[in-house]
Number of protein chains: 2
Amino acid sequence: MATNLESRRIMTKVARMYHSRGMRQTEISSLLGISQARVSRLLSSAEEANIVRTVVVIPDGLHAELEESLEARFGLTQAHVVEALDDSDESGLNRDLGDAAATIFAALTLDEQTVGFTSWSASLRSLSATLESARQTGRVRVVELLGDVGPPRMQHEATRATQRLADQIGATALFLRAPGVVASPAIRDAIVEQDAHIREALDALDNLDIALVGIGTCEIHLPLVPGDNFFSEEQFALAKSLGAVGQVNLRFLDAEGKPVVSELDDLVLGVTLPQLRAARRRIGVAGGSSKFEAVRAAVRGAWVDTLITDLRTAERLLAE
Amino acid sequence: MATNLESRRIMTKVARMYHSRGMRQTEISSLLGISQARVSRLLSSAEEANIVRTVVVIPDGLHAELEESLEARFGLTQAHVVEALDDSDESGLNRDLGDAAATIFAALTLDEQTVGFTSWSASLRSLSATLESARQTGRVRVVELLGDVGPPRMQHEATRATQRLADQIGATALFLRAPGVVASPAIRDAIVEQDAHIREALDALDNLDIALVGIGTCEIHLPLVPGDNFFSEEQFALAKSLGAVGQVNLRFLDAEGKPVVSELDDLVLGVTLPQLRAARRRIGVAGGSSKFEAVRAAVRGAWVDTLITDLRTAERLLAE
DNA sequence: GCGGTCGTAGAATATATATACAGAAACCCA
DNA sequence: TGGGTTTCTGTATATATATTCTACGACCGC
């Protein structure tokens with residue numbers, strides 16, 4: 001369907017008759033002198049064109065007790081427990097978490113702030129896809145918290161997600177279009193020296209107001225490939241041998257949530273743990289059984305003050 | 001459907017599966033082990049419970065040329081032209097206008113302000129019914145711009161509309177629960193003297209930031225009855241004999257939009273024209289052929305700086 | 001100007017959803 | 001405890017909606 005003015009007009013008209021007035025398609029078709037099939041198609045187009053928006057508002061407090069317990073136990077500002085629609089489906093879970101995170105993020109007042117965004121995180125990309133903000137904000141900057149990881153396809157998705165988030169909240173995007181993991185500190189320095197945009201982004205990390213952080217395991221899972229702008233098997237093994245059970249934006253944490261310091265830190269182009277800690281709000285969005293230990297480390301170390309996770313992970317976190 | 005926690009949980013779950021994931025009802029029913037009929041019913045309940053919200057966003061600029069012409073011709077800050085779904089239906093038009101006004105109103109930043117609200121206006125009541133604000137605002141007050149008009153039923157509706165608007169934007173409501181039109185200035189003074197709430201509301205009218213004003217004809221139309229907290233036939237005739245073609249919150253205007261001053265002014269409990277003029281934003285929501293002259297008077301006199309009206313009225317306003 | 005291709009329309013129909021109905025469970029009050 | 005009442009459920013089916021299919025007109029390239 002072309003999206004010119006006239007077709008938008010008729011789509012809107014039909015959509016209002018159908019959704020706002022509650023008329024049946026046959027009524028509309030006879031009133032407008034078109035076929036019912038056309039009305040049906042116009043309605044699909046209107047959804048396509050985002051003229052009709054259907055949102056499912058997840059009522060607060062469906063899991064209020066769990067959330068309060070999490071907040072109390074780990075000193076969180078806010079905990080949100082999301083019910084996964086399908087426990088076996090990892091990507092579905094990420095969407096569910098991202099949707100919930102979008103609602104929570106949209107409720108934050110943004111004004112002259114710097115928002116850190118982990119664009120490689122699946123659930124956070126889902127956040128940016130879901131977010132629908134009608135309101136313009138003040139001078140806000142969105143800065144990527146970590147360079148690229150994985151294949152070129154993921155770089156594109158990351159860029160799009162960041163841009164989209166920035167667009168939605170009327171912010172400026174600061175990209176970190178560089179490898180997230182490099183082979184040596186020297187390469188890292190060379191990259192930083194060469195590119196002013198990257199320096200700008202890295203500078204912005206010193207003054208984060210809100211951070212949307214990614215939480216991950218110490219494993220390599222598809223579509224990530226060892227060494228593809230990413231740590232190798234050996235490097236992960238090294239981190240684990242030092243006690244790491246998870247990582248926050250590729251900064252390793254042990255079971256207690258304490259930083260696992262190593263030479264690996266110098267290979268990462270992204271936010272450091274002290275920079276992260278300085279952010280006023282640190283929002284972690286992660287769930288699923290594989291990430292359990294990592295999530296636990298992140299909350300134990302207070303690397304996030306807002307956690308959005310799934311029911312099962314929430315229960316496991318409290319089960320001890 | 002009871003709205004306890006468990007039923008809300010299942011409603012939300014099904015609604016997410018259906019609307020966010022795009023699953024069919026039969027899929028969901030087999031997955032959850034319930035009948036398709038139940039899924040259908042749960043989805044209805046979810047809409048009922050406002051867990052599923054469907055909004056039709058009217059794209060900007062469908063009538064951009066008209067709107068720009070209106071703005072230029074009458075010196076308006078903003079003009080919005082709404083396409084009526086059914087030209088013959090007055091109440092439908094009011095809903096259409098109210099919906100549009102809700103969108104526009106929601107886009108305004110509210111912060112420590114006083115919002116004047118004309119609670120007897122059908123289109124503005126429709127605004128308050130439509131408005132869905134997720135965001136909490138600062139210390140905002142909503143004050144009624146006019147006392148009651150018409151029968152007790154309308155008073156209830158007016159109160160509800162005002163309360164609802166206040167709730168939606170997290171504001172305090174100042175009610176003007178007194179007759180909008182009294183028989184004599186003495187009665188008016190007596191009422192004001194007696195009731196502190198009314199004095200508080202009237203005081204607030206001196207400092208309006210945003211006014212949602214009602215525009216009306218010089219006729220009596222149902223459900224209004226002459227003299228029922230309202231002007232009589234004779235009083236309207238008097239106003240008309242002095243040149244009035246319409247009124248803004250029961251303050252009469254002539255064809256040029258100039259105030260028609262008379263003894264009638266002292267019988268009205270509500271915002272005065274000077275008070276109205278002092279408001280930073282004055283939003284008028286009115287349309288339909290019967291109100292044409294009144295709308296024209298209001299824009300000519302610049303009693304509104306934002307006009308939301310229907311296509312036909314817009315064309316007529318520009319036709320001269 | 002003549003096929004070819006594309007996009008769009010409506011009629012017919014397949015599919016999906018809502019509802020009427022009837023049975024079962026829960027509830028209430030005597 | 002037992003009938004009356006209400007509420008909930010699933011089955012069967014009516015109704016509403018989406019899609020298939022075919023036809024028609026617009027827009028090419030030759």
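Chain identifiers are assigned alphabetically (A, B, ...) following the order of the sequence lines, protein sequences preceding nucleic acid strands; residue numbering begins at 1 within each chain.
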Separation of C:dA9 P from A:Leu32 CG (nearest whole Å): 13 Å

Tell me whether the count of non-hydrogen atoms from other residues, nucleotides or ligands lying under 6.0 Å of CD in B:Glu315 goes above 12. yes

Among all residues two or more places apart in sequence or in another chain, which pass the side-chain contact (heavy atoms from CB on, under 4.5 Å) test with B:Ser123? B:Asn94, B:Leu97, B:Ser121, B:Val285

Taking five pairs at each end of the helix from C:dG1-D:dC30 to C:dA30-D:dT1, what angle separates the two helix axes (nearest 10°)? 30°

Specify the separation, in whole Å, of atom CG of A:Leu43 and atom C1' of C:dA16. 15 Å

B:Ile10 has an atom CD1; how far is it from atom P of D:dC8, in whole Å? 14 Å

The single option from A:Val81, A:Val299, A:Thr313, A:Ile283 passing side chain to side chain contact (heavy atoms under 4.5 Å, CB included) against A:Leu307: A:Val299

Lys/Arg-Asp/Glu bridge criterion (N-O < 4.0 Å) met for B:Arg316, B:Asp310: no

Is the backbone of A:Glu27 close enough, under 3.5 Å, to the side chain of A:Ser30 for a donor and an acceptor to pair up by distance? yes

Every protein N/O within reach of nucleotides 20-25 of chain D N/O, cut-off under 3.5 Å:
from: D:dT20; atom 1: O4; to: A:Arg41; atom 2: NH1; distance (Å): 3.4

Respond yes when some side-chain nitrogen or oxygen of B:Gln25 is under 4.0 Å from OP1 or OP2 of C:dT15, and no when none is. no

Compute whether any side-chain donor of one residue and acceptor of the other, for B:His63 and B:Glu65, lie under 3.5 angstrom apart. no

Any B:Arg38 side-chain N or O less than 4.0 Å from OP1/OP2 of D:dT9: yes

Under 4.0 Å between a side-chain nitrogen and a carboxylate oxygen: does that hold for B:Arg21 and A:Asp96? yes

Calculate the interatomic distance between A:Ile34 atom CD1 and C:dG10 atom C1'; express it in whole Å. 11 Å

Output the distance between atom OG (A:Ser119) and atom CZ (A:Arg177), rounded to the nearest 0.5 Å. 5.5 Å

Nearest-angstrom distance from the residue atom CD of A:Glu47 to C1' of D:dA18: 13 Å

Please check the phosphate of D:dT17 (OP1 and OP2 only) for any side-chain N or O of A:Ser40 closer than 4.0 Å. no

Per the atom types in the model, does the base of D:dA16 pair as donor or acceptor with the side chain of A:Gln36 at under 3.5 Å? no

Could you check whether A:Gln36 and A:Thr26, counting side-chain N and O atoms only, form a donor-acceptor pair closer than 3.5 Å? no

Separation of C:dA16 P from B:Leu42 CG (nearest whole Å): 19 Å

